[in-house]
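Notes follow the structure.
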Amino acid sequence: RRTEGRLNFLHTPDLTISHLFKNPAITERCAQLLGPDLVMWRSHCFHIPAFSTGNAWHQTRTWMTNMKESILQPPDIHELFNLTCWIALQDTPKEKACLKILPGEYKELYPLKSRKLSDSKGGGNDRYTLDVDYQIDEDSVDLLEVKAGQCIVFVDRVLHASADNKTDEDRWAAVGRIIRPDTRAYTKKMLKEGYWSEVNPNVNDDLDDYRVVLLRGEDRYEFNKKN
């Protein structure tokens, strides 16, 4: 399922990409942060075309769908409950849209502001995006250059973005979102009626076949359907 700049996967049983994130090099590191039991609730392949602008600065803390509800519902929102695992599918130097982060800026959840997007001719349309309401000091930014197959794991409050792709090749990365089994993914209403976004009309997913993937340990809570 394609949306703006990425392919979204809803974890069906034949989903090959899930096996990337079952590698012990990933699960053992995530277990040090979240505990012994891990499930992956969503995955993406992020695509940044040649000679194009990178992804804007953002956090992945609450996964607000319509500025009213959060997709993820942990037992305690103040504790660590969600990790991002970013796998380079090709060598990714700074010129090829490498990941970039703002060190130290992970202790707060910054507010969001909506911004209407313009079409390619400079006119208006009905699409919006969300920007982090925080002044970024570009001199403090770390560029995370990696080789194909290397993985970056970071907590959900880390401010991150992608550099611009200044090369003549597209850039691809696989991303898995990992939680503890005591965190619910999607509300009962979302699972029944679908997941949609007032901000981005491209996000409109039918969740009838939605499943999480057990990566490590066991699920004693059974909050989420599994493969």
Side-chain angles (χ1 to χ4, degrees), residues 1-48 54-55 58-65 70-74 79-92 97-101 106 144 146-162 171-186 190-191 195 203 205 207 209-219 221 223-227:
R1 189 186 300 271
R2 179 179 290 274
T3 58
E4 187 81 9
R6 64 180 181 268
L7 297 176
N8 294 326
F9 299 102
L10 298 181
H11 302 313
T12 52
D14 60 347
L15 187 59
T16 304
I17 194 173
S18 300
H19 297 287
L20 286 174
F21 299 94
K22 291 183 178 181
N23 189 315
I26 294 175
T27 57
E28 296 311 300
R29 285 167 171 80
C30 291
Q32 293 177 29
L33 297 171
L34 290 182
D37 304 322
L38 304 171
V39 296
M40 183 166 64
W41 69 274
R42 197 168 179 84
S43 60
H44 320 271
C45 276
F46 276 103
H47 171 226
I48 299 182
N55 294 325
H58 59 285
Q59 295 171 297
T60 53
R61 178 65 174 178
T62 54
W63 290 88
M64 300 292 283
T65 60
S70 173
I71 296 176
L72 294 182
Q73 301 170 72
E79 293 183 356
L80 178 62
F81 62 89
N82 181 41
L83 294 174
T84 294
C85 297
W86 192 100
I87 302 176
L89 298 181
Q90 57 207 141
D91 290 353
T92 308
C98 73
L99 194 67
K100 56 183 184 179
I101 65 169
Y106 60 88
L144 305 183
V146 291
K147 297 292 186 180
Q150 289 187 310
C151 178
I152 300 169
V153 178
F154 55 94
V155 299
D156 44 24
R157 285 194 180 191
V158 169
L159 271 171
H160 61 286
S162 294
R171 191 226 70 183
W172 288 90
V175 176
R177 314 291 183 179
I178 297 176
I179 56 176
R180 301 190 314 247
D182 63 354
T183 296
R184 294 179 184 269
Y186 299 104
M190 291 175 192
L191 291 171
Y195 157 48
V203 176
D205 291 334
L207 298 174
D209 297 323
Y210 175 75
R211 300 289 189 275
V212 301
V213 176
L214 183 64
L215 297 181
R216 188 186 191 280
E218 61 180 330
D219 181 356
Y221 299 90
F223 288 158
N224 306 295
K225 293 181 180 180
K226 295 189 299 296
N227 282 336

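Note: hydrogens, waters and symmetry copies are ignored here, and every other heavy atom, side chains too, is used. All values derive from a computational prediction rather than experimental measurement.
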May I ask you to test the Q150-T92 pair for a side-chain heavy-atom distance under 4.5 Å?
no
So R211 and V213, side chain to side chain contact (heavy atoms under 4.5 Å, CB included) or not? Walk me through it.
CA-CA 7 Å; R211 300 289 189 275; V213 176; over 6 Å; no
CZ (F46) and CD1 (I87) are apart, to the nearest 0.5 Å, by 13.0 Å
Nearest atoms (heavy-atom pairs only) where I17 meets H44
CD1-O, 4.3 Å
Atom pair CD1/CD1 of I26 and I178 - distance to nearest 0.5 Å
7.0 Å
What pairs with N224 under side-chain hydrogen bond (donor to acceptor under 3.5 Å, both in side chains), at least two apart in sequence or on another chain?
none
Is there a side-chain contact between P74 and I179 in this structure, where contact means two heavy atoms from C-beta onward sitting under 4.5 Å apart?
no
What pair of heavy atoms forms the shortest contact from D91 to K147, and how long is it?
OD1-CA, 3.5 Å
Report yes if some heavy atom in the side chain of F223 is under 4.5 Å from a heavy atom in the side chain of V212; otherwise report no.
no
From CG (L215) to NE2 (H19), nearest 0.5 Å:
10.5 Å
Only counting residues at least two apart or in another chain, list the ones meeting side-chain hydrogen bond (donor to acceptor under 3.5 Å, both in side chains) with Q90.
none
Here the pair of heavy atoms bringing P181 nearest to D219 is CB-OD1, 3.3 Å
Just by distance, do the side chain of R180 and the backbone of L80 share a donor-acceptor pair under 3.5 Å?
yes
For a side chain to side chain contact (heavy atoms under 4.5 Å, CB included) check, start with the C-alpha distance between Y221 and D37, then their side-chain angles and the critical distance, and finish with the verdict.
CA-CA 11 Å; Y221 299 90; D37 304 322; over 6 Å; no
What heavy-atom pair brings S162 and I48 nearest, and what distance separates the two atoms?
CB-CD1, 3.5 Å
pair F81-L72: side-chain heavy atoms closer than 4.5 Å:
yes
Can you tell me if N55 uses its side chain to pair, donor with acceptor, with the backbone of A161 under 3.5 Å?
no
One pair to check against side chain to side chain contact (heavy atoms under 4.5 Å, CB included): L207 and Y186. What are the steps and the verdict?
CA-CA 9 Å; L207 298 174; Y186 299 104; 3.7 Å; yes
Less than 4.5 Å apart, side chain to side chain, heavy atoms only: is that true for W86 and L144?
no
Would you find a donor on one side and an acceptor on the other, under 3.5 Å apart, between the side chain of Y210 and the backbone of K225?
no
Would you say the side chain of W41 lies within less than 4.5 Å of the side chain of I71, judging by non-hydrogen atoms?
yes
Locate the shortest heavy-atom distance separating L214 from V39; write the atom from each residue and the value.
CD1-CG1, 3.7 Å
Check: C85 and M40 side chains under 4.5 Å, non-hydrogen atoms
no
What I'd like to find out is whether the side chain of V155 reaches to under 4.5 Å of the side chain of L83, using heavy atoms alone.
yes
Could you tell me which residues satisfy side-chain hydrogen bond (donor to acceptor under 3.5 Å, both in side chains) with R184, sequence neighbours excluded, listed by chain and number?
none
What is the ring orientation for H47 with W172, classed by angle as parallel under 30°, tilted 30 to 60°, or perpendicular over 60°?
parallel
Grab the two heavy atoms, one from A31 and one from L38, that are nearest each other, plus how far apart they are.
N-CD1, 3.9 Å
Rounded to the nearest 0.5 Å, how far does CZ of R42 lie from OG1 of T84?
12.5 Å
